[in-house]
Amino acid sequence: MKWKLSLTAFAIVLATLSAGCAPGAHTPGTNDGSNASPLALVGEDTGIKIDFASHPTPGSARALGGNELCFITAGPVVIVCIPQGSYMLLGPDDAIELVAGNPLWHLKPVEGNSSDAALLRGFGTIFLIAGSVDRLPAALSAYLGEPGSNRTQAVILARKLLAERGAELSGVARGGTFKVSVRLTSSGRKKLLDALQTREEDGGVQMVRADRP
């Protein structure tokens, strides 16, 4: 997985995240991360902006589970991040692994410093979010190529990502809410269009026109 990112934005957002995602209500004059710039990254299949200063209404009524770091609502699909990795939940009993073996999960500060521990948690959460979103086109393509019980949900999300202006996803973390903006690269667009076209030829999906940004 190849990413490009703004190091300045990364430093600002990481500082914000290490103190917890900024809450929805801000007090003027406080350093609560409300002025933090979105973190912009480019992966193999997606361009991603993660904005911890934005507080969209959660797109799901679910709450964080006991071991969950965050979850992201993507249409009818939920992306769940846990310390060990992440998975895409298409239905109650239908989950697809996105990121496995988070390398930061086992790392701890040598001196047990709480600030260093917060930074590690921030690193881990940011890369889990970005890695999970970048894996969406490949995971959806694979799911649509095999018999699955929630094809409709996968198609809805694929079309959402293929929208001309991209997609905006809402996230919930321990410290508050955040927004993830997604635009497909040519690689990600091709994967989804090919998968939808294959399903159309099999009679499983009626394809609609998806303009390239």
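Around atom CG of Asn67, more than 12 heavy atoms belonging to other residues, nucleotides or ligands sit under 6.0 Å away.
Counting heavy atoms from C-beta on, the side chains of Leu136 and Asp134 never come closer than 4.5 Å. Proximity of Leu184 to Lys190: side-chain heavy atoms (C-beta onward) are nowhere separated by under 4.5 Å. Side-chain atoms of Asp45 and Lys191, non-hydrogen and from C-beta on, do get closer than 4.5 Å to each other. A 4.5 Å side-chain heavy-atom check between Leu162 and Arg189 finds at least one atom pair inside the cut-off. When side chains are defined from C-beta on, Lys160 counts as touching Leu169, because their heavy atoms get closer than 4.5 Å.
Across all non-hydrogen atoms, the minimal contact from Pro83 to Leu128 is O-CD1, 4.5 Å. Annotation for Ile156 and Pro76: closest pair CG2-CD, 3.6 Å, computed over non-hydrogen atoms.
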> Where do Asp94 and Leu89 land on the side chain to side chain contact (heavy atoms under 4.5 Å, CB included) test, with the steps shown first?
Replying inline: CA-CA 6 Å; Asp94 193 4; Leu89 193 62; over 6 Å; no
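By the 4.0 Å N-to-carboxylate-O rule, Glu146 lies too far from Arg151 to be salt-bridged with it.
By the rule that hydrophobic residues join a cluster once side-chain heavy atoms approach within less than 4.5 Å of another member, Leu98 and Val182 end up as members of one cluster. Leu161 and Tyr143 fall within the same hydrophobic cluster, where Ile, Leu, Val, Met, Phe, Trp and Tyr residues are linked whenever their side-chain heavy atoms come under 4.5 Å apart, directly or through other members. No single ILVMFWY cluster, assembled from side-chain heavy atoms under 4.5 Å apart, contains both Phe71 and Val133. Hydrophobic cluster membership is shared by Ile82 and Val78, with clusters built from Ile, Leu, Val, Met, Phe, Trp and Tyr side chains linked at under 4.5 angstrom.
Remark: Ile96 CD1 to Ile79 CD1 distance equals 11.0 Å, nearest 0.5 Å. Distance check: Phe178 CZ to His55 NE2 gives 11.5 Å after rounding to the nearest 0.5 Å. Interatomic distance, OG1 of Thr177 versus CD1 of Ile72, reported as 12.5 Å (0.5 Å rounding). Remark: Arg174 CZ to Leu69 CG distance equals 7.5 Å, nearest 0.5 Å. Rounded to the nearest 0.5 Å, atoms CD1 (Ile129) and SG (Cys81) are 5.5 Å apart. With rounding to the nearest 0.5 Å, the separation of CD1 in Ile50 from CD1 in Ile126 is 6.5 Å.
The backbone N or O of Lys179 lies less than 3.5 Å from no partner atom in the side chain of Asp51, so there is not a single donor-acceptor pair. Between the side chain of Ser141 and the backbone N or O of Pro137 there is no donor-acceptor pair closer than 3.5 Å.
The salt bridge (charged side-chain N to carboxylate O under 4.0 Å, His left out) pairs that include a residue from residues 73-89 number zero, where partners must be two or more places apart or lie in different chains. A side-chain hydrogen bond (donor to acceptor under 3.5 Å, both in side chains) check over residues 68-92, counting only residues at least two apart or in different chains, returns the pairs Arg62-Glu68, Ser86-Ser132.
Checking Leu140, Asn150, Leu192, Leu144 one by one against Val155, the side chain to side chain contact (heavy atoms under 4.5 Å, CB included) holds for a single residue, Leu144.
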